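Have a look at the structure below before the remarks.
Source: prediction; values computed, not measured. We count residues from 1, following the sequence as given.
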Amino acid sequence: MQWKNGDTTNGHVVAGGKGQGNGLHQLYWPTDVLIDKETDSLIICDQENRRVVRWCRRSDTTQGEILIDNILCWGLAMDEQRYLYVSDVEKHAARRYQLGEKNGTVVAGGNDRGNGLNQLNVPRYLVVDRQQNVYVSDEHNNRVMKWVEDAKEGIVVAGGQGEGNALTQLSSPNGIFVDTLGTLYIADTGNHRVMRWTQGDKKQGTVIVGGSRRGEEANQFQFPAGLSFDRHGNLYVVDAGNKRVQRFSIE
């Protein structure tokens, strides 16, 4: 769906919308989307169809094209060289693809399910910074991992202290965002909060929204899933349990 800024009542369908199914005009449980400005298209993780698809943003577009198939994808990212990064929740890995390439290169995990530094356990969302470091929300390990380019194992940059709601802990982290200073923002889904972890302090984060308890007030969440920032520094959070998207201005 596309929603114009300021109009919260009328979104319009830009991909799918023809019921669940595996036709090229359909989607089935899409989990992530990014805009490829170069081709003015949407790249979508069409999860239950086990594929990544691209839909042109022209108004007359009625179907997508398959970029990658046979992958139980969840999260997507693109770097400045236009490499595509995809998390695979079945293979517990993240891979980098050149557009048009089908196989990709493992850039995080890929050593079976586990909690070792060279492993992931249900990787969800991912972010790539300008140095091509890959950040992955490692959901079932309750941590966020950073993988430097060509590294054999990752670094825990948030959580990793077991599941819990202390400032040192996460519970089923999902959406993540990294700013140019390396500050990490996390949708801490099971704790119904958004956390910020700065580079200087890897041991604990701070709660910036939510976290008192789950609810539907303006400062509460029920299972926040995805998050993003706009160029003005506004934070957008997909508040999944409340079936809404929330915008916050963060100091």
Side-chain angles (χ1 to χ4, degrees), residues 29-34 43-52 67-99 101-164 168-178 182 184-190 195 197 199 202 205 225-227:
W29 208 283
T31 53
D32 205 4
V33 59
L34 60 83
I43 297 176
I44 303 163
C45 169
D46 188 11
Q47 202 240 1
E48 284 293 318
N49 281 325
R50 303 179 64 89
R51 65 191 185 188
V52 177
L67 293 180
I68 305 165
D69 55 14
N70 196 28
I71 179 172
L72 197 64
C73 58
W74 193 276
L76 299 170
M78 187 178 275
D79 68 16
E80 292 177 340
Q81 283 78 46
R82 300 189 68 244
Y83 281 95
L84 183 64
Y85 296 73
V86 186
S87 64
D88 184 336
V89 297
E90 187 174 56
K91 303 273 175 61
H92 306 286
R95 283 191 195 78
R96 179 176 65 216
Y97 297 82
Q98 260 183 309
L99 286 173
E101 180 190 14
K102 293 292 185 190
N103 294 324
T105 305
V106 173
V107 292
N111 295 300
D112 299 322
R113 174 202 301 256
N115 63 3
L117 292 178
N118 68 340
Q119 294 176 305
L120 298 168
N121 189 350
V122 188
R124 292 293 190 190
Y125 293 92
L126 36 79
V127 173
V128 185
D129 68 15
R130 287 177 177 166
Q131 290 75 44
Q132 292 189 302
N133 300 312
V134 181
Y135 295 78
V136 185
S137 55
D138 188 10
E139 187 187 44
H140 287 194
N141 283 325
N142 302 297
R143 66 188 185 184
V144 176
M145 300 293 288
K146 173 184 175 180
W147 290 65
V148 178
E149 192 176 10
D150 298 327
K152 295 286 179 265
E153 54 183 43
I155 304 157
V156 179
V157 289
Q161 305 293 319
E163 183 176 10
T168 56
Q169 295 176 304
L170 298 168
S171 175
S172 299
N174 270 266
I176 54 175
F177 182 89
V178 178
L184 177 65
Y185 296 83
I186 305 165
D188 187 11
T189 305
M195 296 196 75
W197 295 63
Q199 283 283 24
K202 300 277 173 46
L227 53 77

Side-chain atoms of residues 120-130: list all donor-acceptor pairs with protein atoms under 3.5 Å, sequence neighbours left out, distances to 0.1 Å.
unit_1	atom_1	unit_2	atom_2	d
N121	OD1	R113	NH1	3.2
R124	NE	E139	OE1	2.9
R124	NH2	E139	OE1	2.9
D129	OD1	Q131	N	3.0
D129	OD1	Q132	N	3.2
D129	OD1	N133	N	2.9
D129	OD1	N133	ND2	3.4
D129	OD2	N133	ND2	3.0
R130	NE	E80	OE2	3.2

For P30 and I44, work out which heavy atoms get closest and say how close. CB-CG2, 3.9 Å

Which atom names give the shortest non-hydrogen contact between S137 and P173, and what distance separates them?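 Taking S137 first and P173 second, the nearest heavy atoms are CB-O, 3.7 Å.
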
Sequence neighbours excluded, which residues qualify as salt bridge (charged side-chain N to carboxylate O under 4.0 Å, His left out) partners of [X]?
X    : value
E90  : R50
E149 : R96
D46  : R51
D88  : R95

Donor-acceptor pair, side chain of [X] and main chain of [Y], under 3.5 angstrom:
X    : Y    : value
D188 : M195 : no
D32  : L76  : yes
T189 : S172 : yes

Applying side chain to side chain contact (heavy atoms under 4.5 Å, CB included) between V157 and each of M145, K146, R143, report the one that passes.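 For V157, the side chain to side chain contact (heavy atoms under 4.5 Å, CB included) check succeeds only for K146.
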
Any chance you could measure I71, atom CD1, to K102, atom NZ, to the nearest 0.5 Å?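 Here the rounded value is 11.0 Å.
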
Rounded at 0.5 Å granularity, tell me how far CG in N111 sits from CG in L117. 11.5 Å

Side-chain contact test, heavy atoms from C-beta onward, threshold under 4.5 Å: evaluate it for N142 versus Q169 and give yes or no. no

Could you check if a side-chain atom of W147 sits within less than 4.5 angstrom of a side-chain atom of V107, using non-hydrogen atoms only? no

Can you name the side chain to side chain donor-acceptor pair (under 3.5 Å) partners of N141, sequence neighbours left out?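 Expected list: D138.
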
Walk me through it: do W197 and I186 pass the test side-chain contact (heavy atoms from CB on, under 4.5 Å)? CA-CA 8 Å; W197 295 63; I186 305 165; 3.5 Å; yes

Quick note, side chain to side chain donor-acceptor pair (under 3.5 Å) partners involving residues 150-163, not counting sequence neighbours, are E163-S171

Counterpart residues, ring pair (Phe, Tyr, Trp, His ring centres under 6.0 Å), relative to Y83 (two or more places apart):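 Testing Y83 for ring pair (Phe, Tyr, Trp, His ring centres under 6.0 Å), a comparison that skips the adjacent residues, returns none.
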
Y135: ring pair (Phe, Tyr, Trp, His ring centres under 6.0 Å) partners, not counting sequence neighbours: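 None.
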
Quick one: list whatever passes side chain to side chain contact (heavy atoms under 4.5 Å, CB included) with Q47, sequence neighbours left out.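 Testing Q47 for side chain to side chain contact (heavy atoms under 4.5 Å, CB included), a comparison that skips the adjacent residues, returns W29, T31, C45, L72, W74, V89.
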
